Amino acid sequence: MKNTSSHFSFAFPGAWLAHFAVLAALLLPGAAWAEKDPVYTTYFSNVAAGGYDVTAYFTESKPVKGKKAFKTEYMGVDWHFSSRENLDKFTASPQQYAPQYGGYCAWAVAQGDTASGDPLQWTVHDGKLYLNYNKKINNRWRADMEKFIADGDKNWPAVLN
């Protein structure tokens, strides 16, 4: 008599493939959906701007590392701040402080693509925060910001698809 208690059947290799596809979709969401998250975080983190306090770019004109003690959730990710005061400023007006293009490299978005944004390679221009991939790209960005901002605004958020 044939053993029918097993959930998987060796007689149908397609069933194994179907189970593998479901498992891959659950474990590798990027493989199942081409859409990128609207806010850039590193692969193993749910913290925006690399954990830097995004209000500090405006209040202190420099990157300042945030603390887990002062955090909030916005757009599905965590944001860290260096003080309760900066956290309160952000929660009162997150659109004012959050980096443009979700913290992805602003120059890459202007090119119709995405790349990681480095919180140490930044620019505040016309009251908005922009992050870039590295120092070389940040220098390119600064050379023609107005054009790149116009192009980035046209490309965002379509570059996430």
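Note that the structure is a prediction, hence the values are computed from the model and not measured.
Residues F81 and V54 are in side-chain contact: their nearest non-hydrogen atoms beyond the backbone lie under 4.5 Å apart. Side chains of F148 and V109 form no contact here, defined as non-hydrogen atoms less than 4.5 Å apart. Between Y52 and V64 the shortest side-chain heavy-atom distance does not fall below 4.5 Å. Residues H125 and Y130 have side chains in contact (heavy-atom distance under 4.5 Å, counting atoms from C-beta outward). Within the 4.5 Å cutoff, no side-chain heavy atoms of K128 are placed close to those of I149. Annotation: side chain of E146 is in contact with side chain of D126 (closest heavy-atom distance under 4.5 Å). Considering only heavy atoms from C-beta on, T123 comes within 4.5 Å of M145 through its side chain. The closest side-chain heavy-atom distance from D118 to Y133 is not below 4.5 Å.
Between the OG atom in S116 and the OH atom in Y43 there is a gap of 15.0 Å [rounded to 0.5 Å]. If you take NZ on K89 and CZ on R84, they are separated by 14.0 Å, rounding to the nearest 0.5 Å. Atom OG1 of T41 sits about 6.0 Å away from atom CG of N46, to the nearest 0.5 Å. Considering NZ of K135 and CZ of R142, their distance stands at 10.0 Å, rounded to 0.5 Å. Note: N86 CG to E60 CD = 6.5 Å, rounded to the nearest 0.5 Å.
Scanning all heavy atoms of the two residues, the minimum distance from W79 to A98 falls at CH2-CB, 3.9 Å. Taking each heavy atom of N155 and G112 in turn, the nearest pair found is ND2-N, 3.3 Å. Considering all non-hydrogen atoms of both residues, C105 and I137 come closest at SG-CG2, 3.8 Å. Closest approach of K71 to K68, counting heavy atoms only: CG-O, 3.6 Å. For the residue pair P63 and W122, the shortest heavy atom distance occurs at CD-NE1, 3.4 Å. Closest approach of F58 and G127 over heavy atoms only: CE2-O, 3.5 Å.
Between the side chain of N132 and the backbone N or O of N134, no donor-acceptor pair lies under 3.5 Å. Panel note: side chain T91, backbone L87; a donor-acceptor pair is recorded below 3.5 Å. Judged purely by atom type and a 3.5 angstrom limit, S93 has no side-chain atom pairing as donor or acceptor with the backbone of Q95.
A continuous path of Ile, Leu, Val, Met, Phe, Trp and Tyr side chains, each step under 4.5 Å between heavy atoms, connects M75 with L129, placing both in one hydrophobic cluster. Under the 4.5 Å side-chain heavy-atom criterion for ILVMFWY residues, no single connected hydrophobic cluster contains both Y57 and Y101. The hydrophobic clustering, which links ILVMFWY residues whose side-chain heavy atoms are closer than 4.5 Å, places V159 and L131 apart. Linking Ile, Leu, Val, Met, Phe, Trp and Tyr residues whenever their side-chain heavy atoms come within less than 4.5 Å leaves V124 and W141 in two separate clusters.
Between Y97 and F90, the ring-plane angle classifies as tilted under the 30° and 60° cut-offs.
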Point to revise | Residue pair K65, S82: steps toward the side-chain hydrogen bond (donor to acceptor under 3.5 Å, both in side chains) verdict | key: CA-CA 6 Å; K65 197 73 170 163; S82 59; over 6 Å; no
Practice item. With side chain to side chain contact (heavy atoms under 4.5 Å, CB included) as the test, would you mind laying out the steps for V47 and H80 before giving the verdict? Key: CA-CA 7 Å; V47 179; H80 292 179; 3.9 Å; yes
